[in-house]
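Reading through the structure tokens given below for one structure.
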Amino acid sequence: MGIKVHTLLLLCVLCETLEQATATRARAAKSHNNHHSARGRKNESSTNGCNLFMGSWVVDPSYPLYDSSTCPFIDSQFDCQKHARTDTQYLKYSWKPDSCTLPRFDGVEFLNKWKGKRIMYVGDSLSLNMWESFSCMLHASLPNSNATRSRKDGIFTLNFQEYGVSIEFYWTQYLVDIVEESVGRVLNLDSIQAGNKSWLGTDVLIFNTWHWWTHMGPSSQGWDYIRDGSNLVKDMDRLEAFHKGLNTWAAWVDQNVDPSKTKVFFQGISPKHTHCTGETEPYKGSPYPEGLPPENGIVKTVLKSMKYEVYLLDITLLSQLRKDGHPSVYTPDLGVKGEDCSHWCLAGVPDTWNLLLNAALTTS
């Protein structure tokens, strides 16, 4: 589709002791036969009293939701089957919440409900991962649709003309701005100008950031300095910078988004595994050894401080269990990177993220 992740990429504080203890209990993942689970306290983002994010990965013969070879919207870096991944069991797991049933996705029903609306994913390559997943899910429901693809002003759009629905993706690594100053490229933790024109006026916004905050070095991170208020620094603690940047985003949402017109979601932290090559099934055992990352706590802290009620797609724990779902070595032009344990194969885990999004939209 002409969107290349490797081309695009040229471009918490810690939780309180009680929260840490609770999160540890939430990381429990029990396994027997083909049943891989996550148990814990009720998440703030629940639907009709059901915590969609505590549950189990179970084998589902009806999966995957689409055939990657027939979806025209998958970037090559996410198309693991195309790049010689021969095992297919990772495609056969569906997410089953503990206390309710996750609705099956019906693309025609979705487009009829959201007729005339704009839905936009805003973020980095993990937002792209999720956007392409949703595009494939819709395409599987309407393979003969007159959907058109376009790119304008940094926005990639899939437009289902017969329904007047557009599914859009806006690329931004940090949500806050990178601006050119006399010293070079500056990551401004206090500024969001890019979104003023592009993000407003949409009906659903799904935001995401974190992945790039861990990149080190000017060529990788995309900036030369950080502006923190009146201070211009060469670098700073990345969790602290992330927290400040996310607070700026939260203030922007509170000040600019009309809750009667726009539903706002935060995609949640997509976990990176330290090793994923050769993994063929979800994690077995309890608890998950690496625990919940501190950036996950930052997200929850910031969302709780907002006036606007942002729905957290709390995907971190359920995705941690899927070390088998990454492209690993089954991706083009990997070069010296070795293995990709950050992004996700399509079909795969991002389809579940979109099912969770659909469930939240369906009951809202």
Side-chain angles (χ1 to χ4, degrees), residues 1-11 63-68 71-83 85 90-91 93 95 105 119-140 149 151 154-158 167-175 204-215 265-273 276 279 295 313-316 318-334 337 339-358:
M1 63 179 291
I3 307 173
K4 302 295 183 182
V5 173
H6 53 280
T7 301
L8 285 173
L9 291 180
L10 288 176
L11 296 154
Y63 270 53
L65 299 180
Y66 53 86
D67 183 344
S68 61
C71 179
F73 309 124
I74 301 179
D75 188 278
S76 186
Q77 185 157 332
F78 305 146
D79 195 346
C80 303
Q81 292 292 307
K82 178 180 178 180
H83 294 284
R85 181 165 183 173
Y90 75 96
L91 296 168
Y93 292 99
W95 179 251
F105 181 72
I119 297 170
M120 180 181 286
Y121 295 84
V122 180
D124 56 28
S125 53
L126 289 158
S127 290
L128 176 66
N129 220 171
M130 190 174 178
W131 176 65
E132 291 186 1
S133 159
F134 197 55
S135 299
C136 290
M137 289 166 64
L138 288 168
H139 179 264
R149 293 169 289 169
R151 177 182 179 180
I155 301 174
F156 302 90
T157 300
L158 178 63
I167 312 298
E168 306 174 21
F169 166 64
Y170 183 96
W171 167 262
T172 171
Q173 306 103 305
Y174 298 98
L175 297 181
V204 179
L205 284 166
I206 307 103
F207 288 98
N208 161 63
T209 186
W210 168 246
H211 182 65
W212 277 71
W213 295 86
T214 65
H215 287 203
F265 294 80
F266 195 86
Q267 185 175 326
I269 301 298
S270 174
K272 177 181 179 179
H273 292 91
C276 59
E279 302 290 351
E295 58 270 19
L313 292 172
D314 198 1
I315 61 171
T316 307
L318 66 89
S319 302
Q320 280 183 319
L321 300 175
R322 293 303 309 275
K323 55 185 169 49
D324 58 316
H326 297 291
S328 63
V329 297
Y330 304 106
T331 182
D333 304 323
L334 198 58
K337 290 188 291 185
E339 57 178 354
D340 182 355
C341 300
S342 297
H343 301 99
W344 303 89
C345 296
L346 295 179
V349 173
D351 304 332
T352 294
W353 302 349
N354 281 309
L355 290 177
L356 293 163
L357 172 65
N358 177 61

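All values below come from the heavy atoms of this structure, side chains included, with hydrogens, waters and symmetry mates left out.
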[X] side-chain N/O to [Y] backbone N/O, donor-acceptor pair under 3.5 Å:
| X | Y | answer |
| --- | --- | --- |
| His83 | Thr331 | no |
| Arg322 | Tyr90 | yes |
| Thr316 | Ile269 | yes |
| Thr172 | Leu175 | yes |

field: side-chain contact (heavy atoms from CB on, under 4.5 Å) between Trp171 and Leu128, intermediate numbers included
entry: CA-CA 8 Å; Trp171 167 262; Leu128 176 66; 5.6 Å; no
Rounded to the nearest 0.5 Å, how far does [atom2] of [Y] lie from [atom1] of [X]?
| X | Y | atom1 | atom2 | result |
| --- | --- | --- | --- | --- |
| Arg85 | His326 | CZ | NE2 | 10.0 Å |
| Leu346 | Gln77 | CG | CD | 11.0 Å |
| Lys272 | His343 | NZ | NE2 | 10.0 Å |
| Leu355 | Trp95 | CG | CH2 | 12.5 Å |
| Trp210 | Phe266 | CH2 | CZ | 11.0 Å |
| Thr157 | Ile119 | OG1 | CD1 | 12.0 Å |

task: For the residue pair Trp212 and Tyr174, categorise the inter-ring angle as parallel (less than 30°), tilted (30 to 60°) or perpendicular (more than 60°).
output: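 Rings of Trp212 and Tyr174: perpendicular, as their planes differ by over 60°.
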message: Is the ring pair Trp353/Trp344 parallel, tilted or perpendicular, if the boundaries are 30 and 60 degrees?
response: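 Answer is perpendicular, since the angle exceeds 60°.
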Locate the shortest heavy-atom distance separating [X] from [Y]; write the atom from each residue and the value.
| X | Y | value |
| --- | --- | --- |
| Trp131 | Tyr121 | CD1-CD1, 3.5 Å |
| Phe169 | Ser127 | CE1-CB, 3.7 Å |
| Cys345 | Pro350 | O-CD, 4.0 Å |
| Ser133 | Asn354 | OG-ND2, 3.0 Å |
| Phe73 | Cys136 | CD1-N, 4.3 Å |
| Asp79 | Ser68 | OD1-OG, 3.5 Å |

query: Any side-chain heavy atom of Phe78 sitting closer than 4.5 Å to one from Glu132?
result: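 Yes, close enough: below the 4.5 Å cut-off.
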- prompt: Taking atom NZ of Lys323 as the centre, does the number of heavy atoms from other residues, nucleotides or ligands within less than 6.0 Å exceed 12?
  reply: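 Yes, enclosed.
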Pair His211-Ser270, side chain to side chain donor-acceptor pair (under 3.5 Å): steps then yes or no: CA-CA 8 Å; His211 182 65; Ser270 174; over 6 Å; no
field: Full working for side-chain contact (heavy atoms from CB on, under 4.5 Å) between Leu313 and Met130
entry: CA-CA 12 Å; Leu313 292 172; Met130 190 174 178; 3.9 Å; yes
task: Just do the side-chain contact (heavy atoms from CB on, under 4.5 Å) check on Gln81 and Leu91 with the steps written out, would you?
output: CA-CA 10 Å; Gln81 292 292 307; Leu91 296 168; 4.2 Å; yes
message: Counting the benzene-type ring for Trp, do Phe134 and Phe105 have ring centres under 6.0 Å apart?
response: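 Ring centroids of Phe134 and Phe105 are less than 6.0 Å from each other.
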field: Full working for side chain to side chain donor-acceptor pair (under 3.5 Å) between Thr209 and Trp213
entry: CA-CA 8 Å; Thr209 186; Trp213 295 86; 2.8 Å; yes
